[in-house]
Amino acid sequence: MFTRRSQESQLTNPALGAPLRPGAAGGFVAAVAEVKETSILPMLTVDMENKENGSLDVKNSVENGRPPDPADWAVIDVVNYFRTAGFEEQANAFQEQEIDGKSLLLMTRNDVLTGLSLKLGPALKIYEYHIKPLQTQHLKNNSL
C-alpha cells in the first residue's frame with residue numbers, strides 16, 4: 001500500500017519509509033539507501049578493506065553464531081569465511097576436501113598450493129593473507 005505525502009503527488013512506501021520516484025513504464029521505484037542480503041546459512045560478518053596488494057583485510061566478528069576461534073569452526077564455517085573474503089570459487093575446494101577449522105590451522109603453504117588444486121594466484125593469497133594470519137592469531141591467543 002502506498003500513501004500520498006504532499007500536494008506534489010509524491011508517494012511513499014510505508015514499509016520502507018522511502019519516497020517513490022517515477023520509474024520505467026510509468027511505475028514507481030523506491031529510493032533505498034542500503035540493501036542487505038540475508039542468507040539461511042550462518043555467515044561471518046567481516047570488515048573488509050582493500051589493501052594495496054589487491055588482497056582483502058578480513059577482520060573476524062563474533063556475530064552470527066560462528067565461534068571466534070577458527071579451531072572451533074566446522075567445514076561450513078571455513079567455506080563461508082572464504083566465500084565472504086571473496087574466494088567463492090576456491091571455497092568449494094575446502095568443502096570438497098572437508099577442511100574444518102582444526103585442519104585449516106594445520107595447513108602448510110604447500111598444502112594450499114598443491115593439495116587443493118587451486119590456481120596459483122588465489123592459492124597464494126588465501127595462504128598468505130588468510131590462513132597464515134589465522135594461524136598466527138590462534139597461536140597468539142592460545143599461548144597466554
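Computed from heavy atoms alone, side chains included, the values below leave out hydrogens, waters and symmetry copies.
For E89, the CD atom counts as loosely surrounded, since its 6.0 Å shell holds 12 or fewer non-hydrogen atoms of other residues, nucleotides or ligands.
With sequence neighbours left out, the side-chain contact (heavy atoms from CB on, under 4.5 Å) criterion links E96 to N92. Residues passing the ring-ring contact (aromatic ring centres under 6.0 Å, His included) test with F87 are H130, sequence neighbours excluded. Under the side-chain contact (heavy atoms from CB on, under 4.5 Å) criterion, E88 pairs with R83, not counting sequence neighbours.
Contact of the I76 side chain with the Q95 side chain is registered, since non-hydrogen atoms from C-beta on lie closer than 4.5 Å. In this structure the side chain of L116 never reaches within 4.5 angstrom of the side chain of Q90, judged on heavy atoms. Residues L104 and F94 form a side-chain contact, since some pair of their non-hydrogen atoms from C-beta on lies under 4.5 Å apart. Counting heavy atoms from C-beta on, the side chains of I126 and L118 come closer than 4.5 Å. At a threshold of 4.5 Å between non-hydrogen side-chain atoms, the residues R109 and K132 do not count as touching.
Clustering ILVMFWY residues whenever any of their side-chain heavy atoms sit less than 4.5 angstrom apart, transitively, puts Y81 in the very cluster that holds V75. Hydrophobic clustering of Ile, Leu, Val, Met, Phe, Trp and Tyr side chains at less than 4.5 Å, counting indirect connections, keeps L134 apart from L113.
In this structure, K119 NZ and K125 NZ are separated by 12.0 Å, a value rounded to the nearest 0.5 Å. Here the CD1-CD1 distance, from I99 to I131, works out to 8.5 Å after rounding to the nearest 0.5 Å.
Listed for the D69 side chain is no donor-acceptor partner under 3.5 Å among the backbone atoms of D72. Of the possible donor and acceptor atoms, one in the side chain of Q135 sits under 3.5 Å from a partner among the backbone N and O of M107. Not one N or O on the side chain of N142 forms a donor-acceptor pair closer than 3.5 Å with the backbone of L139.
Residues Y127 and V112 approach most closely at CD1-CG2, 3.9 Å, considering heavy atoms. The shortest heavy-atom contact between F82 and A91 is CB-CB, 4.0 Å. Across all non-hydrogen atoms, the minimal contact from P68 to P70 is O-CD, 3.4 Å.
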